[in-house]
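Everything below concerns the one structure shown next.
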Amino acid sequence: MQIIRGIRARRAGFTLVELLVVIVVLAVLAAIVLPKFMDSSVRSKEASLKTDLKLVRNAVATFQADIGKYPATLEDLVKTDVAQVKDKDDKTVTSSDWHGPYLEALPADPVSGNDFTYVAATGKVTSSASGNGLDGTAYSSW
């Protein structure tokens, strides 16, 4: 009985080789899984950028359909007082044409944190972020 108790006492833990095998397996799994999560914050910002660009562009198009001209600034899309709203020719819009506000709040570019770039002459709204997205295209071309 004493001999059996001695063998069990020596076998109570793991050997160094067993621990190293477990560590190597965990490292391999981590090397496979981590790259998928590394770009998750960038991917979420890019998805938000695409959604916000579509939202603002739709608001600009709706403004243009109502008034006949593009807004002077993107801030005109969120104004509640029609007397403060101007078209691209810097003329106050008529209250019968205006059906705003067209947005509750003007979103900021989620990638750069700045305002979107807007050209009043063409009504073009683009990202103000520099650099390229994960797909390799420039943010400014989105």
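Reckoned from all heavy atoms, side chains included, excluding hydrogens, waters and symmetry mates.
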Practice problem: Output yes when a side-chain donor or acceptor of Asp109 lies under 3.5 Å from a complementary backbone atom of Asn114, and no otherwise. | Solution: no
Exercise. Check whether any side-chain heavy atom of Leu49 lies under 4.5 Å from a side-chain heavy atom of Lys45, and answer yes or no.
Key: no
Quiz item: Do you know the tightest heavy-atom contact between Ala59 and Leu103?
Solution: CB-CG, 3.7 Å
Quiz prompt | Shortest non-hydrogen separation from Ala30 to Pro35 and the atoms involved | solution = O-CD, 4.2 Å
Quiz item: Atom CZ of Arg43 and atom CZ of Phe37: how far apart are they, to the nearest 0.5 Å?
Solution: 8.5 Å
Practice problem: For residues Lys79 and Pro101, report the shortest heavy-atom separation together with the two atoms involved. | Solution: O-CB, 3.4 Å
Practice problem: Can you measure from CZ (Phe116) to CG (Leu74) and round to the nearest 0.5 angstrom? | Solution: 8.5 Å
Quiz item: Would Ser127 and Ser140 count as a side-chain contact (heavy atoms from CB on, under 4.5 Å) if you check the C-alpha gap in whole Å, the side-chain angles of each, and the deciding distance to 0.1 Å?
Solution: CA-CA 5 Å; Ser127 172; Ser140 59; 5.7 Å; no
Quiz prompt | Result of checking Val22, Val21, Leu19 against Phe14 for side chain to side chain contact (heavy atoms under 4.5 Å, CB included) | solution = Leu19
Self-check item: Separation of Ile67 CD1 from Thr94 OG1 (nearest 0.5 Å)
Solution: 6.0 Å
Exercise. Walk me through it: do Val82 and Val93 pass the test side-chain contact (heavy atoms from CB on, under 4.5 Å)?
Key: CA-CA 7 Å; Val82 68; Val93 300; 3.7 Å; yes
Exercise. Keeping to residues at least two apart or across chains, list the side-chain hydrogen bond (donor to acceptor under 3.5 Å, both in side chains) pairs with something in residues 50-71.
Key: Asp66-His99, Asp66-Tyr102, Lys69-Asp89
Quiz item: Between OH of Tyr118 and CG of Leu77, what distance do you get to the nearest 0.5 Å?
Solution: 7.0 Å
Exercise. Give the minimum heavy-atom separation between Ala120 and Ala72, together with the two atoms involved.
Key: CB-O, 3.6 Å
Practice problem: Check the surroundings of atom NZ in Lys86: do more than 12 heavy atoms from other residues, nucleotides or ligands lie under 6.0 Å from it? | Solution: yes
Quiz item: Can you check side-chain contact (heavy atoms from CB on, under 4.5 Å) on Asp76 and Thr73, steps first, answer last?
Solution: CA-CA 6 Å; Asp76 287 335; Thr73 65; 3.7 Å; yes
Quiz item: At what distance, to the nearest 0.5 angstrom, does CD of Gln84 lie from OG1 of Thr92?
Solution: 10.0 Å
Quiz item: Is there side-chain contact between Val28 and Ile32, with at least one heavy-atom pair below 4.5 Å?
Solution: yes
Quiz item: CD/Glu75 to CG/Leu106 distance, rounded to the nearest 0.5 angstrom?
Solution: 6.0 Å
Quiz item: Linking I/L/V/M/F/W/Y whenever their side-chain heavy atoms sit closer than 4.5 Å, directly or via other members, would Leu134 and Tyr139 fall into one cluster?
Solution: yes
Quiz item: Hey, does Trp142 have a side-chain heavy atom less than 4.5 Å from the side chain of Thr126?
Solution: no
